[in-house]
Amino acid sequence: MGVFFSLCRVEICLGFNWVVAVFFVEGRLICSVTMSLKSIVRELKEMRDGIGNMSKRGVESRRWNGRTKSHVAPDITLTSLEPIQQGQWAHLPPELLLDIISRVEESETTWPARAVVVHCGSVCKSWRDVTKEIAKTPEQCGRITFPISLKQPGPRDSPIQCFIRRNRETSTYLLYIGLVPSENETDKLLLAAKKVRRATGTDFIVSLVADDFSRSSNTYVGKLRSNFLGTKFTIYDSQPPHGAAIQQDSGSSRRFHSKQASPRVSAFNYVVGTIAYELNVLRARGPRRMHCTMNSIPVSAIQEGGTAPTPTSFPQIIDKPFSPSPALKGKGPSTDLNNVNLPKLAVPSQGSSEPMVLKNKAPRWHEQLQCWCLNFKGRVTVASVKNFQLVAAVDPSHNVLAAEQEKVILQFGKIGKDIFTMDYRYPLSAFQAFAICLSSFDTKPACE
């Protein structure tokens, strides 16, 4: 056997989306094997799921054979099993691993095919580290890969196009990525929200999944809360804004003990933005007018050379693929967050950057159609009071370029019954844009 392996040689050739392995013995070609990168990733995922069971069966069979013979088989400890469970794919040369995952990431740019990139990060720790290094943020590559991408700013050049499906019976709102709903309903779910009415207002609970809106779950992302009239909304994030100072009311007392809170869930909601709709006292004709103050985004983010806060991971839960398995959706003991005084962002001191403010883009009156019109570039087809476009509201002292002031950061509009489009770009994230759009679904009799 040792002589045989010394005479063997294997050469691997990489194509754009395939791998060819050529086997030589004593300099002669014996066979070649061609596999696509998708097949390799699929087999790696299957091997990862089944390698543990195979190892256990092998150990049990060796122990059983030892009992039937005259000698005692040596006991196998857990440390000897660990390299078997890790698998041979974990020991690939770093250059080869980097090249394989890079080609997979470049070839699979849209969902659901992009799930292959997430599977690469699920093989083992070394694969996960390389995948997270290759898969860039939405601002850098314009694509959404991991759940943390929903908290990161969108691309600067072209918006990420999504759509929202409203279910009136269940009071849920589902955010999908894509231009319009597909016929085979294979659209990728990004976020889900459930409308909960209270005595003093309305809450929209935002989650990573469509069947669990508990605030004690590790799929909880944040919420949107309105006042009684539906004219003011507050955006709460489940994690503190990246790089922002949080101030907490020193006189507040927490009405729960530390043992009552799940270790996977943040104990607070953090205020990251507010939305205000102007009252229409005179009942004047025209679209709704709104202003959004993004406390977690400084106005310097849209200045030349500016950057927006970009979180890299969730602080309490592991950065996992979309559509988490039931094992990842476990709940901890419930915590009454309504009785907790919520911390807010520190008020910017003198000399610090001011928060970014968004406002409605002014529509124009169309004489022939006798209505207010905006150029949605074909993404909105049904007239609705909910339709809007948001641009940055800046002062001349902010030194923001005129092109940046005219750029539409978020647009939302109706395309069919209970179907709406949502296109967002830098510096907003998918979660922030979704929360702003949810405010448009609440009833506002004083603003229309």
Side-chain angles (χ1 to χ4, degrees), residues 164-175 191-240 246 248-249 251-257 260-262 265-280 288 290-296 329 331-345 385-386 388 412 418 420 422 431-448:
I164 299 174
R165 186 188 297 272
R166 176 177 59 182
N167 189 324
R168 296 177 183 266
E169 296 180 358
T170 59
S171 298
T172 56
Y173 306 84
L174 306 182
L175 175 65
L191 291 169
K194 184 175 181 62
K195 187 176 183 179
V196 180
R197 296 188 181 276
R198 301 179 296 107
T200 58
T202 304
D203 281 357
F204 291 86
I205 310 300
V206 183
S207 173
L208 290 174
V209 295
D211 56 354
D212 186 1
F213 295 97
S214 172
R215 282 171 290 185
S216 61
S217 171
N218 57 9
T219 60
Y220 173 70
V221 177
K223 70 177 180 180
L224 176 73
R225 170 168 290 183
S226 74
N227 63 354
F228 180 75
L229 296 177
T231 57
K232 293 184 179 180
F233 295 79
T234 305
I235 305 174
Y236 296 99
D237 199 333
S238 61
Q239 66 183 97
I246 300 295
Q248 186 175 319
D249 187 1
S252 65
S253 61
R254 304 179 185 179
R255 298 190 180 181
F256 60 90
H257 300 286
Q260 292 178 332
S262 171
V265 183
S266 300
F268 293 106
N269 286 326
Y270 299 89
V271 178
V272 295
T274 57
I275 307 167
Y277 287 83
E278 295 184 7
L279 294 176
N280 189 4
R288 297 172 178 172
M290 58 189 296
H291 285 80
C292 305
T293 303
M294 309 308 298
N295 304 70
S296 60
K329 292 165 57 178
K331 303 177 183 179
S334 60
T335 303
D336 188 5
L337 294 179
N338 291 328
N339 294 331
V340 179
N341 290 319
L342 301 175
K344 298 183 179 181
L345 286 174
V385 69
K386 296 180 177 64
F388 66 80
F412 171 81
D418 297 325
F420 303 81
M422 186 195 87
F431 166 67
Q432 294 166 342
F434 187 43
I436 296 174
C437 294
L438 288 175
S439 68
S440 185
F441 287 107
D442 201 23
T443 305
K444 304 172 183 61
C447 302
E448 302 173 357

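Side chains included, hydrogens not; waters and symmetry mates left out as well; all remaining heavy atoms used.
Looking at heavy atoms from C-beta onward, Gln432 lies out of side-chain contact with Ile235 at the 4.5 angstrom threshold. With contacts defined as side-chain heavy-atom distances shorter than 4.5 Å, the pair Ile436/Met294 qualifies. Side-chain contact between Tyr236 and Val271 is present, with at least one heavy-atom pair separated by less than 4.5 Å. Annotation: side chain of Leu208 is in contact with side chain of Leu191 (closest heavy-atom distance under 4.5 Å). Contact annotation: the side chain of Phe434 approaches that of Ile164 to within less than 4.5 Å [non-hydrogen atoms, C-beta and beyond].
Side-chain atoms of Ser226 never come within 3.5 Å of backbone atoms of Gly201 as a donor-acceptor pair (strictly under, hydrogens ignored). With hydrogens and angles disregarded, no donor-acceptor distance shorter than 3.5 Å links the side chain of Thr293 to the backbone of Thr274. Ser440 contributes no side-chain N or O that, together with a main-chain N or O of Cys437, makes up a donor-acceptor pair within less than 3.5 Å.
Here Ala192 pairs with Leu174, Ala210, Phe213 under the side-chain contact (heavy atoms from CB on, under 4.5 Å) rule; sequence neighbours left out. Residues satisfying the salt bridge (Lys or Arg N to Asp or Glu O under 4.0 Å) criterion with Arg168, sequence neighbours excluded, are Asp418. For the side-chain contact (heavy atoms from CB on, under 4.5 Å) test, residues two or more places apart in sequence or in another chain that qualify with Ser171 are Lys195. Thr170 meets the side-chain contact (heavy atoms from CB on, under 4.5 Å) test with Asn167, Thr172; sequence neighbours excluded. When the ring pair (Phe, Tyr, Trp, His ring centres under 6.0 Å) test is applied to Phe388, the partners found at least two apart in sequence or on another chain are Phe412.
Heavy atoms only, all atoms of each residue included: Ser439 and Ile275 are closest at OG-CD1, 3.8 Å. Annotation for Tyr270 and Gln239: closest pair CD1-C, 3.4 Å, computed over non-hydrogen atoms. Annotation for Tyr220 and Asn269: closest pair OH-OD1, 3.0 Å, computed over non-hydrogen atoms. Looking at every heavy atom in both residues, Asn295 comes nearest to Gly273 through OD1-CA, 3.3 Å.
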Between Lys223 and Val196, is the side chain to side chain contact (heavy atoms under 4.5 Å, CB included) condition met? List the steps. CA-CA 11 Å; Lys223 70 177 180 180; Val196 180; over 6 Å; no
Do Asp442 and Phe233 pass the side chain to side chain contact (heavy atoms under 4.5 Å, CB included) test, and can you show the C-alpha distance, the side-chain angles, and the key distance before you say yes or no? CA-CA 10 Å; Asp442 201 23; Phe233 295 79; 3.7 Å; yes
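Atom NZ of Lys232 has 12 or fewer heavy atoms from other residues, nucleotides or ligands within 6.0 Å.
Remark: aromatic rings of Phe204 and Phe441 are distant, center separation not under 6.0 Å.
In this structure, CG in Asp203 is found 8.0 Å from CG in Leu224, a value given to the nearest 0.5 Å. Here the straight-line distance linking atom OH of Tyr173 with atom NZ of Lys194 works out to 10.0 Å at 0.5 Å rounding.
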